[in-house]
S.K.: 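Dropping a structure here in structure tokens format, bear with me for questions.
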Amino acid sequence: MGANLYFMSGDRAVGMSEHRYDSEDILQKIIADNPGLLLRDADSDASRLMLVAREFEVSEGDDSSNAYFLDHLLVDQSGVPVLVEVKRSTDTRTRREVVAQMLDYASRVSAWDADELRELFRQNNDEPGTLEAYDTDEFWMQVANCLKAERVKLVFAADRIPSTLKTLIEFMDRNMEGIEVYGVELRQYKTEEATMLTSSVVGETPLKTKRTPARNVEWNAANFSAFLLAEGRQDAIPVADTLKSYATSIGLVCEHRRGTKFPTFFARAGEVRLFTVSFWRKSDRPLCTFDVCVPDVANYLGGSWTEAAIRELLTDMPGRAQHYAQKLIWDSPQYLYIDLRALAGDKDMASFQSAIRKLAEAAAERQREGIVYNIQQEVTPPPRI
């Protein structure tokens with residue numbers, strides 16, 4: 001039995017009838033202004049969705065002339081990017097075509113620059129408390145980690161979602177590891193005096209809840225190594241241990257990240273994070289990498305420490321050419337990534353340790369000069385060519 005909706009105008013109950021959206025743009029604007037309408041777990045006080053950009057441009061590889069636009073790019077309270085495609089039920093593309101379009105966008109997220117997303121986030125969020133809570137290095141490093149691990153949420157929003165699309169959503173949600181997929185129906189009801197929206201999640205998958213691992217692990221040296229062993233990356237254990245021991249010996253502070261799905265530890269000099277060693281998956285490949293947020297380190301060190309100089313220093317090792325050829329070293333606009341397999345050789349490790357020492361000494365010098373690293377007042381990164 002269906003439910004009838006009424007709007008109370010004084011003591012009079014006025015029946016509300018469903019109205020289709022006059023255009024897709026109206027529905028898109030409602031979502032942009034109220035991203036919380038797309039929450040899967042709206043009952044949780046801790047759950048949030050925030051707008052990064054509307055009509056987010058997605059380039060097709062190196063061909064900048066061939067670009068497409070994602071309807072909305074959001075981010076949740078944990079730093080997970082949320083890709084949203086919006087279609088009205090009168091648009092016949094709410095089925096296979098929109099699914100293919102969404103998967104095409106999702107396949108490109110590892111190339112997105114978290115710094116650029118952060119700037120868009122700043123432009124589109126002026127709600128009191130939002131920037132203070134989420135415009136931090138820690139939060140946007142988590143966003144960057146989700147991008148590189150291709151951990152995202154895919155949301156299909158419409159006034160009505162047909163059963164064919166619901167079947168596809170449930171299938172993807174069950175079978176795409178690390179990617180959450182669901183749909184949201186946003187129906188509009190009106191009287192002459194008021195408008196009401198209802199938000200209903202479709203495509204709930206009980207199996208997904210059973211398969212999702214706990215993300216509140218208190219990581220430490222022991223379970224970090226145990227995790228790598230269980231994942232078949234025992235080769236990374238001695239390399240990670242060597243990096244941590246060496247970093248500690250030259251005065252860096254090493255700490256394990258808490259409450260994350262995969263283990264991570266980072267080394268910092270004072271408040272400056274010089275590097276991170278983390279486990280993640282890309283296209284189901286288990287990776288363990290040394291990561292440096294190059295613009296952040298270059299901004300703090302200043303002087304001759306340009307982004308190019310830092311990348312050159314850290315990759316100046318005997319096996320450099322071979323490692324690049326084997327894709328054990330790769331760059332993004334924001335990060336330098338080095339697979340720990342590239343550091344397994346003694347000569348490569350020795351060169352790498354020397355590079356880390358030079359960065360640590362430069363950071364120590366900046367601290368002696370009284371340079372304070374304040375994540376609320378970052379130096380603007382130099383323009384990237």
Side-chain angles (χ1 to χ4, degrees), residues 24 27-28 31-32 35-42 47-60 68-89 91 93-112 114 117 120-121 142-186 199-209 211-213 215 261 280-284:
E24 185 178 300
L27 180 53
Q28 287 192 13
I31 293 171
L37 290 169
L38 302 185
L39 280 170
R40 192 173 197 173
D41 183 16
S47 296
R48 289 201 64 180
L49 286 178
M50 296 161 284
L51 180 67
V52 175
R54 182 180 172 187
E55 295 293 336
F56 177 71
E57 183 174 349
V58 181
S59 298
E60 192 171 76
Y68 303 91
F69 293 89
L70 174 69
D71 289 336
H72 299 83
L73 177 60
L74 312 178
V75 65
D76 75 4
Q77 76 286 346
S78 300
V80 178
V82 181
L83 285 61
V84 181
E85 273 296 293
V86 181
K87 291 290 183 291
R88 289 187 299 162
S89 58
D91 187 340
R93 293 176 298 166
T94 52
R95 304 182 187 183
R96 293 174 183 166
E97 184 177 332
V98 72
V99 170
Q101 189 177 35
M102 179 74 92
L103 292 177
D104 186 26
Y105 295 152
S107 71
R108 304 178 190 281
V109 298
S110 61
W112 295 354
L117 303 191
L120 291 170
F121 177 84
Q142 183 64 20
V143 174
N145 288 338
C146 289
L147 290 172
K148 74 179 182 179
E150 298 176 329
R151 180 186 166 209
V152 296
K153 297 179 182 180
L154 309 180
V155 179
F156 298 88
D159 50 350
R160 289 183 181 272
I161 294 179
S163 59
T164 50
L165 179 56
K166 179 181 176 182
T167 299
L168 289 170
I169 288 172
E170 292 177 339
F171 175 80
M172 290 189 292
D173 196 36
R174 287 194 304 269
N175 292 284
M176 296 177 68
E177 186 67 32
I179 296 181
E180 184 177 341
V181 187
Y182 62 97
V184 177
E185 287 187 342
L186 290 173
S199 175
S200 304
V201 175
V202 302
E204 293 286 3
T205 308
L207 288 176
K208 192 71 172 185
T209 304
R211 290 177 53 181
T212 302
R215 293 194 175 95
K261 178 180 178 181
W280 49 290
R281 289 193 181 95
K282 184 172 184 178
S283 301
D284 291 331

S.K.: Find out whether W112 and L73 are in side-chain contact, i.e. whether some heavy atom of one side chain is under 4.5 Å from a heavy atom of the other.
M.R.: yes
S.K.: Checking V84 against L74 for the side chain to side chain contact (heavy atoms under 4.5 Å, CB included) test, could you report, in this order, the C-alpha distance in whole Å, the side-chain angles of both residues, the deciding distance, and whether it holds?
M.R.: CA-CA 8 Å; V84 181; L74 312 178; 3.9 Å; yes
S.K.: Can a donor-acceptor pair be found, under 3.5 Å and without considering hydrogens, that links the side chain of S200 to the backbone of E185?
M.R.: no
S.K.: Write down the atom of G79, the atom of C146, and the distance for their closest heavy-atom approach.
M.R.: O-SG, 3.7 Å
S.K.: Roughly how far, to the nearest 0.5 Å, is the CE atom of M176 from the CG atom of L154?
M.R.: 5.5 Å
S.K.: Which heavy atom of S59 sits nearest to which heavy atom of R108, and what is that distance?
M.R.: O-CD, 3.5 Å
S.K.: Calculate, to the nearest 0.5 Å, the distance between atoms CZ and CG belonging to R160 and L165 respectively.
M.R.: 14.5 Å
S.K.: When you look at M102 and L83, which way does the side chain to side chain contact (heavy atoms under 4.5 Å, CB included) test go after all the steps?
M.R.: CA-CA 8 Å; M102 179 74 92; L83 285 61; 3.9 Å; yes
S.K.: For E85, is there any backbone N or O sitting under 3.5 Å from a side-chain donor or acceptor partner on D71?
M.R.: no
S.K.: By side-chain hydrogen bond (donor to acceptor under 3.5 Å, both in side chains), which residues pair with W280, not counting sequence neighbours?
M.R.: T289
S.K.: To the closest 0.5 Å, what do you measure between CD (Q28) and CD (E55)?
M.R.: 5.0 Å
S.K.: Suppose we screen for side-chain hydrogen bond (donor to acceptor under 3.5 Å, both in side chains). Which residues come up paired with Q142, at least two apart in sequence or across chains?
M.R.: none
S.K.: Does some side-chain heavy atom of L51 sit less than 4.5 Å from a side-chain heavy atom of H72?
M.R.: yes
S.K.: With sequence neighbours left out, write down each residue that passes ring-ring contact (aromatic ring centres under 6.0 Å, His included) with Y105, or none if nothing qualifies.
M.R.: none
S.K.: With D159, which residues qualify under salt bridge (Lys or Arg N to Asp or Glu O under 4.0 Å), at least two apart?
M.R.: none
S.K.: I want to check something: taking the side chain as every heavy atom from C-beta on, are V99 and M172 in contact at a cut-off of under 4.5 Å?
M.R.: yes
S.K.: Using atom types as modelled and distance alone, determine if a side-chain donor or acceptor of D173 lies under 3.5 Å from a backbone N or O of I169.
M.R.: no
S.K.: Less than 4.5 Å apart, side chain to side chain, heavy atoms only: is that true for V80 and V75?
M.R.: no
S.K.: For a quick test of reading the model, state the closest non-hydrogen atom pair linking K87 to A158 and the distance between them.
M.R.: O-CB, 2.9 Å
S.K.: Who are the side-chain contact (heavy atoms from CB on, under 4.5 Å) partners of T167, not counting sequence neighbours?
M.R.: none
S.K.: With sequence neighbours excluded, tell me which residues meet ring-ring contact (aromatic ring centres under 6.0 Å, His included) with F156.
M.R.: none
S.K.: Would you say E57's side chain and F69's backbone share a donor-acceptor pair under 3.5 angstrom?
M.R.: no
S.K.: What's the spacing between S110 OG and E150 CD if we round to 0.5 Å?
M.R.: 4.5 Å
S.K.: Could you give me the CA-CA distance, side-chain angles and deciding distance for E180 and R151, then say whether salt bridge (Lys or Arg N to Asp or Glu O under 4.0 Å) is met?
M.R.: CA-CA 8 Å; E180 184 177 341; R151 180 186 166 209; over 6 Å; no
S.K.: Does any non-hydrogen side-chain atom of V109 lie less than 4.5 Å from one of P81?
M.R.: no
S.K.: Could you tell me which non-hydrogen atom of M50 sits nearest to which non-hydrogen atom of F121, and how far apart they are?
M.R.: CB-CE1, 3.8 Å
S.K.: Taking the side chain as everything from C-beta on, heavy atoms only, tell me whether V202 gets closer than 4.5 Å to V184.
M.R.: no
S.K.: From L39 CG over to L49 CG, what is the distance, rounded to the nearest 0.5 angstrom?
M.R.: 4.0 Å
S.K.: So, do L186 and L38 sit near enough that their side-chain heavy atoms are less than 4.5 Å apart?
M.R.: yes
S.K.: With side chains defined as the heavy atoms from C-beta onward, is the minimum distance between V58 and D104 less than 4.5 Å?
M.R.: no
